[in-house]
2 protein chains.
Amino acid sequence: MIKEKTETLHTIPDNESVDFGELKNSLGFLVRIAQVKIFKEFYIAMADTKLKPGEFSTLWIVGLNPGYRQGTIARSLNIKPAHMTKLVDRLVRAGYIERVVPPNDRRSVRISLTIEGQEFVNDHRAQFINFHISERENLSDDEYKQFISLLKKFNNLGSAQ
Amino acid sequence: MIKEKTETLHTIPDNESVDFGELKNSLGFLVRIAQVKIFKEFYIAMADTKLKPGEFSTLWIVGLNPGYRQGTIARSLNIKPAHMTKLVDRLVRAGYIERVVPPNDRRSVRISLTIEGQEFVNDHRAQFINFHISERENLSDDEYKQFISLLKKFNNLGSAQ
DNA sequence: TAAACTTAGTTTACATGGAAACTATTTCCA
DNA sequence: TGGAAATAGTTTCCATGTAAACTAAGTTTA
């Protein structure tokens, strides 16, 4: 039901036209909004997996780098050690990952995918790639490439990598 | 739970050269890394303010839009209502913001900066703008502009706004 | 006008993620 | 050799942020 807007006696405006000033050009603000948007899309696209972005990324990376130390994986994904412990706990409980303490350095923990984990990643590879495609949304192919390239440069991740 | 393998694992590499596969081109991953980096820089640049990014942004926006409803400010910054309540609580306790319940709609809460809050924002305006400049780091002026422009487009925030 | 509905914000209960302290192991070096 | 330092991961504790339930107020409609 659309109401005809009869202006009431608000001396102070409160439509949604908020003035952002410099904030509208703030990299931090814009990146945060983008982050929120992408995560929301991830949760829709990957809903059936019941996984969070960090968990899926971890499975992905462990699949490509089996037997690496937990801490190495954590650093590569910018996940803090304390958090990684819990995240891996969940993935172990889910049956996707196994921990092995190697005898030559019993401080460390090496992680790899279980058979189940490998199957899981295989079965969701396409879904994950498609999610990345649908992420593009408002950008043309060229703009998307440019965007990715600038992000890498900003993050000090050479486009070579 | 944790297995001890006698089989040698030292054949498995564990330098920091992790293979990212498709993840290295993942918008979500790259945006998250950028976010972490920018927040870290914010906390260094704005350390003396003792404020978090969301709190500073809120002060900034309230300064530009005094007397707007708390919910309007929350929506504009993508902050959830429940969180906004606590965030504004903190800013009220700090003496920067005041709440007013207008008689014509006593459900709503209109917020504005106190004198102290106005002074605070004035005193830190330059610092905030400079932070945005230092954010650029690895990007040329042109690349930075392009980056901002692509972020806006991605976020559906027309460059008009 | 009264009941149903909608809107605004707060409270509650919980999950996430991080810092600091801790345990266990390995390396360094006097 | 043995004590100090370094390294790897875990545990504990806390702050942050969210969903869902809730309170209060305003609007619609029969």
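Every chain is numbered from 1 and lettered A, B, ... according to where its sequence line falls, protein lines coming before strand lines.
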Contacts of type side-chain contact (heavy atoms from CB on, under 4.5 Å), residue [X], not counting sequence neighbours:
X	answer
Pro102(B)	Asn104(B), Ser108(B), Arg110(B)
Gln35(B)	Val31(A), Arg32(A), Gln35(A), Phe39(B)
Asp19(A)	Leu64(B), Asn65(B)

Applying side chain to side chain donor-acceptor pair (under 3.5 Å), can you list everything that pairs with [X], at least two apart in sequence or on another chain?
X	value
Arg99(B)	Gln70(B), Asp89(B)
Glu55(A)	Arg90(A)
Asn78(A)	none

>> Using modelled atom types and a 3.5 Å cut-off, is there a donor and acceptor pairing between side-chain atoms of Glu143(A) and backbone atoms of Ser140(A)?
In response: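 Yes; at least one donor-acceptor contact below 3.5 Å.
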
Give every pair of a protein N or O atom and an N or O atom of nucleotides 21-26 of chain D that lie under 3.5 Å apart, one pair per line with the distance.
| residue | atom | partner | partner atom | Å |
| --- | --- | --- | --- | --- |
| dA25(D) | OP1 | Arg106(B) | NH2 | 2.7 |
| dA25(D) | O3' | Arg106(B) | N | 3.4 |
| dG26(D) | OP1 | Arg106(B) | N | 2.7 |

>> Applying salt bridge (Lys or Arg N to Asp or Glu O under 4.0 Å), can you list everything that pairs with Arg107(B), at least two apart in sequence or on another chain?
In response: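 Partners of Arg107(B) under the salt bridge (Lys or Arg N to Asp or Glu O under 4.0 Å) test: Asp105(B).
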
> On DNA chain C, which is the earliest and which the latest nucleotide, 5' to 3', with an atom closer than 4.0 Å to a heavy atom of chain A?
Replying inline: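 It runs dT16(C) to dT26(C).
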
>> Need one value for Ser108(B): base, sugar-phosphate or nothing, where a base atom within 4.0 Å counts as base even if backbone is also close, heavy atoms only.
In response: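 If one applies the 4.0 Å heavy-atom cut-off, Ser108(B) turns out to touch the sugar-phosphate alone, with no base involved.
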
So which protein nitrogen or oxygen atoms get under 3.5 Å of nucleotides 17-20 of chain D's nitrogens or oxygens?
| residue | atom | partner | partner atom | Å |
| --- | --- | --- | --- | --- |
| dG17(D) | OP2 | His83(B) | NE2 | 2.5 |
| dT18(D) | O4 | Lys86(B) | NZ | 2.7 |

> What residues, two or more places apart in sequence or in another chain, satisfy ring pair (Phe, Tyr, Trp, His ring centres under 6.0 Å) together with Phe128(B)?
Replying inline: Phe56(B), Trp60(B), His132(B)

>> Give me each pair satisfying ring pair (Phe, Tyr, Trp, His ring centres under 6.0 Å) with a member in residues 78-109 of chain A, each pair once, sequence neighbours excluded.
In response: Tyr96(A)-Phe120(A)

